[in-house]
Protein chains: 2
Amino acid sequence: MSVTIKDVAKKAKVAPSTVSRVISDSPRISQQTKEKVRLAMTELGYHPNYHARSLVNQSTRTLGVIMPSSPKGAFQNPFFSEVLRGITAKASVDKFGLYLSTGQSDDEIYDDVQQMVFSRRIDGIILLYSKMNDRIIPFLLKEKFPFVLVGRPADQFHEQVYYVNNDNFKAAKMVTEYLLLLGHKRIGFIGGELDQIVTVDHQRGYESALEHSDISVNKKYLIYNNEGVLEDSQESLIELMAHKPSPTALVVADDLMALSVLRLLNEMGLRVPEDMSIVSFNNIMLSQLTLPPLTTVDIHIYELGFIGTEKLINMINQKEQENETIIPYRFIKRQTCKKQNI
Amino acid sequence: MSVTIKDVAKKAKVAPSTVSRVISDSPRISQQTKEKVRLAMTELGYHPNYHARSLVNQSTRTLGVIMPSSPKGAFQNPFFSEVLRGITAKASVDKFGLYLSTGQSDDEIYDDVQQMVFSRRIDGIILLYSKMNDRIIPFLLKEKFPFVLVGRPADQFHEQVYYVNNDNFKAAKMVTEYLLLLGHKRIGFIGGELDQIVTVDHQRGYESALEHSDISVNKKYLIYNNEGVLEDSQESLIELMAHKPSPTALVVADDLMALSVLRLLNEMGLRVPEDMSIVSFNNIMLSQLTLPPLTTVDIHIYELGFIGTEKLINMINQKEQENETIIPYRFIKRQTCKKQNI
DNA sequence: TTGTATGCGTTATCAA
DNA sequence: TTGATAACGCATACAA
């Protein structure tokens, strides 16, 4: 069908192996024949066949990207577009291709992963989420397949998996301390999904800060956002606010959730930051567009993706490296926090 | 290295070709040997090699997805996450894989496309944007490579390319007429990038509505959002508003831009919708979270992706179909428009 | 410096 | 119903 290495060989009057060597620019081929072969290649419009190459090389130069299941709405979060931007950028400079998981449920995603590794379609995997009790990480570990996690693995895998993460514990502790410093005593916590590691870290940071200030953690002030990003959190927030005395400040796991909170508080007739202070996480583009603009923690999502990909490529190339990389965060003070009068 | 069809054959004491037939569940193999072979497969942990298959089948069962260049920020728009969700969903049910472009500039993206088609890595392409004077569509057409466009092709390719789109002309005309009906006479237009087809359609719809009401188009009321989604549009908007008499209503190409507009108007001390009415497009999740929630046009982004993928798969399977599919839009009235007193 | 031959893991054609 | 064998397009060990 399409033009192969043999056609080029014939045209250039050399052996196929010679053509192959010209393609890889082997030094053991004379300049003369190189030019001759290259001429034949362009004249015939030759392009190497990817599958034939991968088959013989046992390497694909493509990376698998595993997204969380999309119906839950997680994918709607700009977080993922932004990591993907970082991944894409690094993959591009190192000439790696990207293969995307398409599974719609946890089971399907697990199947995707199995398919990818068993069919030898990809050289490594970049995992965009980490949940408790997930089967993917144990599987990858068992298969000794190169992969990098964006996020932190559960404790039992701590030593074995390579990952990029923020210090979410410290970040959450810091923002809580900030609210404490502003004079807030009743601080609520709105976390992400309960089975995600990042939620655990956030909560521990939050609790740690309170304990250091000798404020006991009020369970009524803790809520989680279990399904998607919107509906559920609204209900929980109403419950939270109904509990008197209600908090004067909120630590919110995600800018998008913060936006949702902003909207609900507005409906309740509460003003931010006058009646309620809010700190959230991520610093997605949108967080500077809200009214008022969000005080948030920039976790450098793009870097998370970029560095994660770099780590993965290093693994594939058998380069020695630390198994953990912590991306620093940065506190972005905007207009959702205010000193609380005691 | 890994277990192949030959290993299975040996273990089951049959020929490799028999194993192959068992894999494809050929009817000409006895139930007995099928079971024998399948047993051997699971015992050895056999999994077919993707590249070997693709090589001999001349088919890859994977689709290439071409994103716009990301540095421009276009990728940050939830629009793309949402089409991707639709694409992913359809690809998943039909067991197609997804291969992502990684190019960071128009040139790199063009190279990506060339690579993908020449290296025979994918069976078809789904193009997520359409610009004037882009080289990609002519290239794909020349190569007779199956592809589907999300959006509308430039007029000269109208007959030849398969695409899914909204009737953006009609939608823009409709929202403008709506503003007219509310009594607005001075209506501004904030479009997307000038070289995108959708921007042209929006603007033509907007102008058509004005002309039908015998209102002449004021060039000073027209601005475009050329770089990314934020900074640039803010400046242009300031210019627009500085021009007296300033508009009382705005047609904005995109919810994200509308959010940006909302923020700027707020800084200027103008209230929405009391001092300014706004209609935008897309109905991304966020548009119901803004203050006030956006009156917008739901263009059914997810369907755009889903149906686009369906069309592409049909093409690959040589199924007859219309070359154009128009996804209906729906006007979502929320709280950014108000009757204008004359 | 170049050519010959073989293998990568499948599928498919042709015999048996 | 099954087996032997030739492709698919390329890379490389070994010869020359």
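Proteins come first, then strands; the chains are lettered A, B, ... in the order of their sequence lines, and each starts at number 1. On a predicted model such as this, the values are computed, not experimentally measured, just so you know.
Remark: P of C:dG9 and CZ of A:F118 are 16 Å apart, rounded to the nearest angstrom. Rounded to whole Å, atom C1' of C:dA5 lies 12 Å from atom CZ of A:R21. Taking atom CZ of A:R121 as the reference point, atom C1' of C:dT10 lies 15 Å away to the nearest angstrom. One atom, CG of A:D7, and another, C1' of D:dA7, lie 15 Å apart when rounded to the nearest Å. Summarising the geometry, the separation between CZ on B:R28 and P on D:dG3 is reported as 13 Å, rounded to the nearest angstrom. In this structure, B:Q32 atom CD and D:dT2 atom P are separated by 8 Å, rounded to whole Å. At whole-Å resolution of the value, CG in A:N57 and P in D:dG9 are 16 Å apart. One interatomic measurement links the two molecules: CE of A:M41 to C1' of D:dC10, which rounds to 14 Å at whole-angstrom precision.
Residues A:T62 and A:Y50 form a side-chain contact, since some pair of their non-hydrogen atoms from C-beta on lies under 4.5 Å apart. Counting heavy atoms from C-beta outward, A:F96 and A:T309 have side chains that stay 4.5 Å or more apart.
B:E35 and B:R38 are not joined by a salt bridge, as no carboxylate oxygen comes within less than 4.0 angstrom of a charged side-chain nitrogen. Between A:D107 and A:R135 there is a salt bridge, since a side-chain N of the basic residue sits under 4.0 Å from a carboxylate O of the acidic one. Residues B:R61 and B:D94 are not paired through a salt bridge, judged by the lack of any N-O separation under 4.0 Å between the basic side chain and the carboxylate.
Between C:dT11 and B:S24, no contact under 4.0 Å exists linking OP1 or OP2 to a side-chain N or O. Between D:dT1 and B:Q31, no contact under 4.0 Å exists linking OP1 or OP2 to a side-chain N or O. Between B:T18 and the phosphate of D:dG3, there is a side-chain N or O to OP1/OP2 separation shorter than 4.0 Å.
Rounded to 10 degrees, the angle separating the terminal axes of the helix from C:dT1-D:dA16 to C:dA16-D:dT1 is 40°, with each axis obtained from five end pairs.
Taking only side-chain atoms of A:I29, from C-beta outward, the nucleotide of C:dT2, C:dG3, D:dT1 with the closest atom is C:dT2.
At a cut-off of 3.5 angstrom, counting only N and O atoms as typed in the model, there is no donor on one side facing an acceptor on the other between the side-chain of A:R120 and the base of C:dG9.
A distance of 10.0 Å separates CE of A:M67 from CD1 of A:I109, quoted to the nearest 0.5 Å. The structure places CZ of B:R120 at 9.5 Å from NE2 of A:H47, a figure rounded to the nearest 0.5 Å. To the nearest 0.5 angstrom, A:M41 atom CE is 10.5 Å from A:K34 atom NZ. With rounding to the nearest 0.5 angstrom, the CE atom of B:M132 is 5.0 Å from the CD1 atom of B:I197. For the atom pair CZ (A:R53) and OG (A:S20), the distance works out to 8.0 Å, reported to the nearest 0.5 Å.
Across all strands shown, A:T33 has heavy atoms under 4.0 Å from sugar-phosphate atoms exclusively, and none from any base. Counting any heavy atom pair closer than 4.0 Å across all strands shown, A:S20 reaches a base atom. As judged by a 4.0 angstrom heavy-atom cut-off over every strand, B:V14 is placed among residues touching the sugar-phosphate backbone only.
Mapping B:K34 and B:V56 onto DNA chain D via the closest heavy atom, the residue that lands nearer the 5' end is B:K34. Of the residues near DNA chain C, B:L55 and B:S17, the one whose nearest nucleotide (by heavy atom distance) lies more toward the 5' end is B:L55.
Residues from residues 46-53 of chain B with heavy atoms under 4.0 angstrom of DNA chain D: there are none.
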